[in-house]
Amino acid sequence: MGHWSFVALMLGCCLSVVLSDNQSQQSNAIRLPGSQPFSKSTRPPFYDKARRARYIVHKANWTVIATFSTKPELVGRSFPAPASISDGPVGKSSGTPYFYLAAIDSIMHDVAKNPNVTLSFSEAAFSDIAECAVTSTSDPESPLCARLMLFGQLVNVTDPKETSFAKEALFSRHPLMPTWPKDHDFGFKKLIVTDVWILDFYGGGSSVSVDDYYNALP
Ligand SMILES: *[C@@H]1O[C@H](CO)[C@@H](O)[C@H](O)[C@H]1NC(C)=O
Ligand SMILES: *[C@@H]1O[C@H](CO)[C@@H](O)[C@H](O)[C@H]1NC(C)=O
Ligand SMILES: *[C@@H]1O[C@H](CO)[C@@H](O)[C@H](O)[C@H]1NC(C)=O
């Protein structure tokens, strides 16, 4: 190999490292709530799908995290485990789902093998949505009782500023969390949101772009 082709090879290698690093930083962007005013927790109309999605995520105290199971008897199967969630203290929504999970949690074992997870929400989890009540005119499966899925990767929160936001987000809404045993190696995790899907009206569900999701005020 000639001297110059070697130099070109080295340059190419470093350039691609820089590029892929930038890419991962972009998708892993930290989006803490800004100073915009947040509307009160009124339920946005069905046609404002990005805002309805933000409303659901902010209101939820728990969700279902579906991993690809690594349990020997269930390898590769969808494993939808409920977990507590917060995207920010009440009235301070970030849109990013944060979690406080133990290292021994099966979610963390699965995520070590495959970080791709899907979060599933239903407005039926809230007690005040009439369209979700089981009556002769409403039902959790009614299209007017919204369901939402967020797709992405579950990762450790590492940035110190984001870690303190995640802690405030979760501990302010889940008073039991600070008492959980230290020797279980609990840590703050977040979903890097790559896709959003919502069904909140007749006619089937639809995707919402991640930018629209983050730009919407809950
Ligand atoms: C995770 O999902 C992405 C698509 O978002 C895919 O490219 C990647 O291969 C998946 N990872 C694994 C380990 O399956
Ligand atoms: C995330 O944190 C856990 C527990 O502290 C650790 O075992 C794991 O290696 C971390 N994952 C990554 C990708 O750094
Ligand atoms: C979520 O938890 C808070 C307590 O932190 C409570 O005030 C609120 O009503 C709960 N929300 C729902 C939808 O259950």
Side-chain angles (χ1 to χ4, degrees), residues 20-21 23-28 40-44 52-70 75-79 82-93 97-119 121-133 140 145-160 162-163 166-197 207 209-210 218:
S20 59
D21 201 43
Q23 266 165 13
S24 67
Q25 272 171 12
Q26 235 169 42
S27 57
N28 197 0
K40 299 287 171 242
S41 54
T42 43
R43 188 179 181 224
R52 178 69 78 85
R54 288 290 301 272
Y55 159 84
I56 293 171
V57 169
H58 186 54
K59 191 166 174 172
N61 286 329
W62 63 275
T63 184
V64 174
I65 306 181
T67 58
F68 293 99
S69 183
T70 52
V75 168
R77 307 274 287 275
S78 173
F79 196 86
S84 291
I85 186 179
S86 173
D87 84 329
V90 173
K92 233 177 130 188
S93 160
Y98 291 102
F99 302 95
Y100 190 52
L101 296 170
I104 54 162
D105 196 307
S106 78
I107 293 172
M108 297 320 298
H109 290 288
D110 296 347
V111 161
K113 278 265 163 60
N114 186 343
N116 290 339
V117 302
T118 304
L119 310 188
F121 301 82
S122 165
E123 281 182 318
F126 310 146
S127 55
D128 58 345
I129 307 293
E131 289 91 335
C132 300
C145 177
R147 61 213 80 160
L148 168 73
M149 287 176 214
L150 299 184
F151 300 78
Q153 284 87 42
L154 195 74
V155 300
N156 291 338
V157 176
T158 53
D159 175 88
E162 190 176 24
T163 304
K167 185 174 177 180
E168 192 200 348
L170 286 153
F171 286 14
S172 68
R173 293 176 57 170
H174 298 274
L176 190 61
M177 279 183 177
T179 70
W180 288 351
K182 296 277 173 284
D183 59 353
H184 280 47
D185 200 8
F186 277 91
F188 297 103
K189 321 286 169 187
K190 70 168 173 176
L191 182 77
I192 297 176
V193 180
T194 60
D195 297 273
V196 178
W197 187 93
S207 292
S209 84
V210 174

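Each ligand, and each atom within it, is numbered from 1 in the order the structure gives. Not measured: the values here are computed from a predicted model. Worth knowing before you read on, the calculation uses all heavy atoms, side chains too, and leaves out hydrogens, waters and symmetry mates.
- Protein residues with a heavy atom under 4.0 Å from ligand 2 are Asn156, Asp185, Lys189.
- Ring planes of Phe126 and Tyr55: perpendicular class, angle over 60° (limits at 30 and 60°).
- Here the shortest heavy-atom pairing between Phe151 and Thr118 reads CD2-OG1, 3.4 Å.
- Looking at Leu154, Leu150, Asp87 one by one, the single match for side-chain contact (heavy atoms from CB on, under 4.5 Å) with Pro97 turns out to be Leu150.
- Ligand 3 places these atoms under 4.0 Å from at least one heavy atom of Phe126: 13 (C).
- Atoms of ligand 3 found under 4.0 Å from any heavy atom of Asn61 (numbered from 1 in listed order, with element): 1 (C), 2 (O), 3 (C), 8 (C), 10 (C), 11 (N), 12 (C), 14 (O).
- Within ligand 3, counting atoms from 1 as listed, the ones closer than 4.0 Å to a heavy atom of Arg173 are 4 (C), 5 (O).
- Judged as a side-chain hydrogen bond (donor to acceptor under 3.5 Å, both in side chains), and not counting sequence neighbours, Asp195 has no contacts.
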Residues Glu168, Arg173; criterion salt bridge (charged side-chain N to carboxylate O under 4.0 Å, His left out); working and verdict: CA-CA 8 Å; Glu168 192 200 348; Arg173 293 176 57 170; over 6 Å; no
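- Ring pair Phe99/Phe186: centre-to-centre distance not below 6.0 Å.
- Atoms of ligand 1 found under 4.0 Å from any heavy atom of Asn114 (numbered from 1 in listed order, with element): 11 (N), 12 (C), 13 (C), 14 (O).
- Residues passing the side-chain hydrogen bond (donor to acceptor under 3.5 Å, both in side chains) test with Gln153 are Asn116, sequence neighbours excluded.
- Taking Thr63 as the reference, nothing meets the side-chain hydrogen bond (donor to acceptor under 3.5 Å, both in side chains) condition, with sequence neighbours excluded.
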